[in-house]
Each structure stands twice: as structure tokens, then as C-alpha cells.
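Have a look at the structure below before the remarks.
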Amino acid sequence: MLNSYSTADKVLLAVDCIIFGFDREGLKILLIKRGFEPEKGKWSLMGGLLKQDEVLNNAAIRVLNTYTGLHDVYMEQLYAYSDIDRDPAERTISVSYYALINIENHNAELIKNYHAQWFSVAEAPSLIFDHNEMVEQAIKILRYKTSIKPIGFELLPEKFTMRQLLELYEAILSKELDKRNFISKINSMEILNKLDEKDMQSSRKGSYLYTFNKEKYEEKLRNNFVLNL
């Protein structure tokens with residue numbers, strides 16, 4: 001061996017969570033004001049250091065739960081960031097995750113206590129360290145995956161209209177979609193359950209509500225279907 005454990009360099013390992021949410025105003029990102037130096041008072045992603053008895057996924061789940069109060073949300077590991085001077089306080093490697101949550105479901109009081117705030121992705125402030133790069137890469141991955149697979153249902157309420165689903169996809173992809181073509185593709189996948197209920201706030205006649213059929217979706221995934229929006 002070139003080195004033994006006792007003489008090897010020691011570095012810190014962190015996780016940083018890019019938390020996306022959605023409302024009628026568009027795609028949002030949850031940011032926090034950093035409460036300690038360096039860069040105290042500046043906007044940052046939600047993050048924390050890996051504990052001795054944790055694996056990375058559990059550390060990301062802990063961070064998400066600490067700031068939002070949520071469990072069992074869609075979360076995916078993205079990249080590792082290891083530039084030597086990325087954190088001026090100490091040599092720290094960070095692994096990024098992105099999460100998709102329904103804004104209505106999070107613990108608003110927790111967010112208030114941590115001085116966190118939702119921002120439009122398009123109007124988010126500049127962030128500390130390499131967090132801007134993390135967000136940019138997370139958005140690219142989210143847009144790519146959304147264009148081929150319906151992964152954005154975690155951002156919607158349990159019952160939603162087809163218009164809400166269309167608005168979600170347009171917000172993520174940052175482009176206008178052909179309504180008829182979109183509805184046709186979504187319906188052809190048979191991953192939605194159409195309810196007898198209507199949302200009467202959307203129009204005088206109302207709009208039918210839908211729920212996501214996770215079992216049918218997972219069956220489609222096993223068959224490697226592609227959405228191609």
C-alpha cells in the first residue's frame with residue numbers, strides 16, 4: 001500500500017440538497033441564509049456534514065427532514081465536488097442531491113425558524129461556494145429526466161388537474177408545450193387515475209381531478225418507456 005490509514009490525509013465530507021418545489025407561479029428552490037462564517041448571512045443550499053455512523057443517502061435524508069419536516073420524498077444523488085479550495089474554512093468534499101417536494105406539504109414553521117425562503121429558480125440570488133454550479137447541474141438533470149420520464153408528480157398535490165400537470169412540465173422545461181399533444185402523450189401512458197371529482201376553481205364547468213398511479217408507472221419503467229416531450 002502506498003499509504004496507511006494513520007498517515008493518510010483526512011478530509012470532511014458534506015451533503016448539499018437542492019430542494020425544488022412548485023406552485024402556480026413556477027418552479028421554486030428552497031434556500032437558507034448561512035448562520036456562520038465563512039460567508040455568514042449569504043444565501044446557501046441546505047447542507048450538513050456526514051456523521052461517523054451515516055451513509056450518504058441517510059445524511060441527505062436527515063438534512064432534508066431537519067429543514068422541511070418531510071420524509072419519503074423523491075431524492076436523487078447527483079455529483080461530487082472536490083475542488084481543493086471550494087470551502088475556505090476546511091478541505092471539504094460535497095456530494096449533491098436534488099429533491100422534489102410539494103410546497104404545500106412542508107413544515108412552514110421549520111423553514112421560518114431556519115430563515116429559509118422559497119425563490120423562483122429564474123430569480124434566485126447568487127449562492128456561496130460552488131452552490132450555483134450545483135443548482136445549474138441539478139436543473140439540467142431535472143429537465144432531461146422530465147422530458148423523457150414523468151418524475152415530477154412529487155411536486156403536485158395528491159389530486160391535480162391536467163392543466164396543473166401541464167404547467168408543472170412547462171415550468172421545469174422552461175418552454176411552452178402543445179396542450180393537445182401533451183395530454184395525448186400523458187393519457188397514452190395510462191399512469192393517471194381520472195376521478196369523478198372536479199376542481200371548480202379553475203373554470204365555471206370545472207376541471208377533472210387526477211391522481212398518479214405509481215404501480216402502472218413502475219410497470220412502464222420496467223418496459224423502458226420514453227415520454228419524449
Side-chain angles (χ1 to χ4, degrees), residues 17-30 61 64-65 67-76 97-112 116 118-122 138-139 141-229:
C17 297
I18 302 110
I19 303 174
F20 292 116
F22 174 75
D23 60 20
R24 285 301 182 93
E25 297 178 2
L27 188 65
K28 301 292 182 67
I29 185 170
L30 187 61
I61 290 169
L64 181 71
N65 178 254
Y67 290 108
T68 68
L70 295 178
H71 295 277
D72 300 323
V73 302
Y74 183 94
M75 179 179 286
E76 188 172 335
Y97 285 76
Y98 79 88
L100 306 179
I101 71 173
N102 180 350
I103 289 180
E104 295 178 1
N105 291 346
H106 72 271
N107 188 320
E109 191 62 31
L110 271 178
I111 288 180
K112 181 180 177 182
W118 287 103
F119 288 91
S120 164
V121 166
I139 291 173
I141 292 294
L142 178 60
R143 284 177 177 166
Y144 168 72
K145 292 200 170 185
T146 301
S147 69
I148 61 173
K149 298 185 186 299
I151 66 168
F153 289 92
E154 291 82 359
L155 296 164
L156 291 168
E158 182 181 357
K159 299 176 183 180
F160 52 87
T161 65
M162 193 65 75
R163 173 171 286 279
Q164 284 177 300
L165 183 59
L166 173 63
E167 289 174 347
L168 168 64
Y169 270 74
E170 289 181 333
I172 293 175
L173 298 173
S174 191
K175 68 177 184 180
E176 187 175 346
L177 298 174
D178 181 89
K179 181 179 178 181
R180 290 185 179 180
N181 185 50
F182 175 81
I183 292 175
S184 176
K185 286 185 176 181
I186 292 293
N187 285 333
S188 69
M189 290 189 296
E190 300 179 337
I191 58 171
L192 299 183
N193 299 320
K194 186 176 181 180
L195 307 178
D196 292 331
E197 303 174 50
K198 283 188 173 183
D199 173 16
M200 300 307 297
Q201 296 180 346
S202 58
S203 67
R204 190 164 59 183
K205 291 184 178 180
S207 300
Y208 280 105
L209 290 166
Y210 295 80
T211 58
F212 176 50
N213 190 316
K214 189 174 182 180
E215 290 74 22
K216 286 188 177 181
Y217 169 62
E218 290 175 347
E219 180 183 343
K220 294 283 186 179
L221 284 183
R222 289 193 291 269
N223 293 325
N224 297 317
F225 83 98
V226 177
L227 185 55
N228 283 328
L229 285 179

Please enumerate all residues that pass side chain to side chain donor-acceptor pair (under 3.5 Å) together with [X], with sequence neighbours excluded.
{"X": "E190", "result": "none"}
{"X": "Y144", "result": "none"}
{"X": "E154", "result": "none"}
{"X": "N187", "result": "none"}

With sequence neighbours left out, write down each residue that passes salt bridge (charged side-chain N to carboxylate O under 4.0 Å, His left out) with E219, or none if nothing qualifies.
none
Spell out, as yes or no, whether a donor-acceptor pair under 3.5 Å connects the side chain of N193 to the backbone of Y210.
no
Any donor-acceptor pair under 3.5 Å from S188 side chain to K185 backbone:
yes
Please list, chain by chain and in numerical order, all residues satisfying ring pair (Phe, Tyr, Trp, His ring centres under 6.0 Å) with F212, sequence neighbours excluded.
F153, Y217
If you look at every heavy atom in A99 and M75, which pair is closest and at what distance?
CB-CE, 4.1 Å
For [X], is the [atom1] atom crowded, meaning more than 12 foreign heavy atoms sit under 6.0 Å from it?
{"X": "E176", "atom1": "CD", "result": "no"}
{"X": "K179", "atom1": "NZ", "result": "no"}
{"X": "Y208", "atom1": "OH", "result": "no"}

